[in-house]
K.L.:
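Please read through the structure below; I'll follow up with questions.
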Amino acid sequence: MSRIDNTFAALGQRKALIPFITAGDPSPEMTVPLMHALVASGADILELGVPFSDPMADGPTIQRASERALKKGVSLRSVLNMVAEFRQQNTTTPVVLMGYGNPIEAMGWDVFAQRCDEVGVDGVLTVDFPPEESHDAFAHLQRYNIAPIFLLAPTTTESRIQQVAKLARGYVYYVSLKGVTGAGNLDLSAIADKIPQLRQHIKLPIGVGFGIRDAETALAVAKLCDGVVVGSRIVQAIEDSTEANVIANVSALVSGLKQAVEQA
Amino acid sequence: MYNYPDNTGHFGKFGGIYMAETLIPAVEELRDAYLHFREDAEFKAEFADELKHYVGRPSPIYHAKNWSDRLGGAQIYLKREDLNHTGAHKINNAMGQALLAKRMGKKRVIAETGAGMHGVATATVAARYGMECVVYMGAEDIQRQAPNVFRMKLLGATVVPVESGSKTLKDACNEAIRDWVTNVESTFYIFGTAAGPHPYPMMVRDFQCVIGNEAKVQMPEMIGRQPDAVIACVGGGSNAIGIFHPYIEIEGVRLIGVEAGGHGIDSGSHAAPLTSNSKVGVLHGNRVYLMQDENGQIIETHSISAGLDYPGVGPEHCWLKDTGRAEYVAINDDEAMQAFHNLCRFEGIIPALESSHALAHAAKIAPTMRKDQVLLVNLSGRGDKDINTVARLSGITL
């Protein structure tokens, strides 16, 4: 079993907390300490954003984080090295890379998949690669048993849900609103309506993200699914912090989210 | 027989649908609607009628004899897209997409724009059909193209400055895509060039093919035959594909796309992904030749003309390059400026800086050709919008 499967199996009926940070933000040196701090504060799975120059699906918060990281010279290569460093101390918490396809294309999917295997990446989510365009790319991931993580959206049709169900491994990430990361106006009843439709076809755990900003919404969402993804809120806390207090601030935020999710 | 894209939107290995899941159903809805209406007699009739009576088509072809004589070689003919309503070829596509939006029941249209011509065209058709219109434009381009910004506002559009990234066309595209994700059900994205996710490259090409289809009839009427070469500037490549496509299966007609060479290909400061042999990559919904660094990050481009200042190029041009049917070259900023001034002085036509790249390449090769040979240049837009840029570069304060 993979680390992701093990994690959900160990959680049983409890819900996973899946925080997202952008690799290299606020600095390349801070990323591995932040990853450890997230785990210490209750993260079950880590989503690590690979910065990209043109993050079309992200709102301004994560875009600024990408720009900060790129300015400090962060690349897909260095992100993989960060995971390797993280794995020196942590061999159990799953790490999912999330980003856009072009940096991987530039590296080559074969090289990328092999490096993911070497450093201990467990899943890969490429926002702009839908199933139709992903077959060749994901064949490389499958060779190393790295999970392709897919997004599903409020607009996703039944036939596309079925298509994703066949390809997805690890978990499926349901985008809880029409919009970019960090947008507001979360519609809980719409999520409650959609999840049963997804479960008819998706036998994997379902994580829900986009628009979760506090403990209250995290709890409400956790009740409806298997895992809660929180990104922009944490990235915002990183932006609002100094290097001296960023670990403490992020830890406090994630601990609060964990307490909420545990009540679900 | 040339029949691209395939039914999944690919031109060989190029094109495709590389979009976030939220937008996939919207792109599929658009594809289905377009495939239906492109065969619909009433749609085709309305499009043709609007092009004739509102846009002012067909656009004439003009023999630039003074300039040709001075160059002393091939005869240069100009397809006068600058004479269209709103002053560029962009209106052909904006009109087609607006008619489609109307039939799909979308009351709100959005667009990205570089030089502002596509933004003006979109604002124009939105006013014509009573639609809400939001145009995204890079903050740097807003500086470069102030007159077009005001034109859009006069037409009732909201112009949103984009401050992220390089603050140019690609960033305007990112922001328009974000708007579309958020307002996907109410909004039609009138994309300005023959790139992006399927069906845009095909649809934009089809709407722009009116240029080449007219030329194919007009040239034999004027000179008794087709031209020896057709020349057009290429940013995303919509005016070029519009005039190239009807000529693809006509043997003996060279198709020459002219990219923005900026300060020169060797300087790295340009917007010429085809000429500079950029690697294939994925951006804005399609797989194309793409200017990027070794880590797959999109690099900032440079061109004197905002409309060509884009790191990618439409997938059909990538395919035509690989198959060898079209050839691609680059013209530098200063060469384009020279052609701009020459057309002003020798023919009394102020061309867009974008089109000036195509003109400059014609001026470069005409002297190497016989006087009975013919170059057809797509004069894709007029240059009124560029007078501030030209004045600034000439050290003149208006």
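We name chains A, B, ... by the order of the sequence lines, and we start the count at 1 in each one. Quantities reported herein were computed from a predicted structural model and do not represent experimental measurements.
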K.L.:
Any idea which heavy atoms bring A:G179 and B:T182 closest together, and the distance?
P.N.:
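So the two residues come closest at CA-OG1, 3.5 Å.
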
K.L.:
Does a side-chain heavy-atom distance below 4.5 Å link A:E133 with B:H10?
P.N.:
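In short, these two side chains touch, coming nearer than 4.5 Å.
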
K.L.:
For A:L76, which atoms come within 4.5 Å of any heavy atom of chain B: side chain, backbone, both, or neither?
P.N.:
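Contact with chain B is absent: no heavy atom of A:L76 under 4.5 Å.
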
K.L.:
Under the 3.5 angstrom rule, does the side chain of A:S53 hit a backbone N or O of B:I298 as a donor-acceptor pair?
P.N.:
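Yes, the answer is positive, given that a donor and an acceptor are paired below the 3.5 Å cut-off.
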
K.L.:
Is it true that atom CG of A:D136 has more than 12 heavy atoms of other residues, nucleotides or ligands lying nearer than 6.0 Å?
P.N.:
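No - once you tally the heavy atoms of other residues, nucleotides and ligands closer than 6.0 Å, there are 12 at most.
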
K.L.:
In terms of heavy-atom pairs under 4.5 Å, which option from A:E67, A:E132, A:M107 contacts chain B the most?
P.N.:
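Most heavy-atom pairs under 4.5 Å with chain B: A:E67.
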
K.L.:
Are there more than 12 heavy atoms of other residues, nucleotides or ligands under 6.0 Å from atom CZ of A:R143?
P.N.:
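Buried by this count: over 12 neighbours within 6.0 Å.
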
K.L.:
Once you round to the nearest 0.5 Å, how far does CG of A:D54 lie from OG of B:S164?
P.N.:
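One gets 8.5 Å once the value is rounded to the nearest 0.5 Å.
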
K.L.:
Are B:V280 and A:E105 close enough that some pair of their side-chain heavy atoms sits under 4.5 Å apart?
P.N.:
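Side chain of B:V280 against side chain of A:E105, heavy atoms only: no contact under 4.5 Å found.
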
K.L.:
Given that the side chain runs from C-beta out, which part of A:L70 has a heavy atom under 4.5 Å from chain B: side chain, backbone, both or neither?
P.N.:
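Contact with chain B involves the side chain of A:L70 alone.
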
K.L.:
Are any side-chain N or O atoms of A:D128 and backbone N or O atoms of B:Y18, one a donor and one an acceptor, separated by less than 3.5 Å?
P.N.:
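Between the backbone of B:Y18 and the side chain of A:D128 there is no qualifying donor-acceptor contact (under 3.5 Å).
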
K.L.:
Using non-hydrogen atoms only, which part of B:Q292 is less than 4.5 Å away from chain A: side chain, backbone, both, or neither?
P.N.:
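Interface part for B:Q292: side chain.
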
K.L.:
Is A:P51 close to chain B through its backbone or its side chain, or both, or neither, when contacts mean heavy atoms under 4.5 Å?
P.N.:
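Looking at A:P51, just its backbone touches chain B.
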
K.L.:
Where the side chain of A:Q63 meets the backbone of B:G165, is there a donor-acceptor pair that is under 3.5 Å apart?
P.N.:
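Absent.
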
K.L.:
Tell me, for B:L290 versus chain A, whether the close heavy atoms (under 4.5 Å) come from the side chain, the backbone, both or neither.
P.N.:
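Side chain only.
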
K.L.:
Which atoms of B:E185 come close to chain A, meaning under 4.5 Å heavy atom to heavy atom: side chain ones, backbone ones, both, or neither?
P.N.:
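For B:E185, the contact with chain A is made by the side chain alone.
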
K.L.:
Between B:I17, B:D293, B:V184, who has the most heavy-atom pairs with chain A when the cutoff is under 4.5 Å?
P.N.:
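Highest number of pairs under 4.5 Å: B:I17.
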
K.L.:
Looking only at heavy atoms, which two atoms of A:D58 and B:R178 are closest? And how far apart?
P.N.:
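Closest heavy-atom pair between A:D58 and B:R178: O-NE, 2.7 Å.
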
K.L.:
May I ask you to decide if A:M56's main-chain N or O and B:N174's side chain share a donor-acceptor pair within less than 3.5 Å?
P.N.:
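Judged by distance alone, no pair lies under 3.5 Å.
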
K.L.:
Taking A:R160 first and then B:E21, would you say they form a salt bridge - that is, a charged N and a carboxylate O separated by under 4.0 Å?
P.N.:
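Answer for the salt bridge query: yes.
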
K.L.:
Of all heavy-atom pairs between B:G281 and A:N102, which one has the smallest distance, and what is that distance?
P.N.:
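Closest approach of B:G281 to A:N102, heavy atoms only: CA-OD1, 3.1 Å.
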
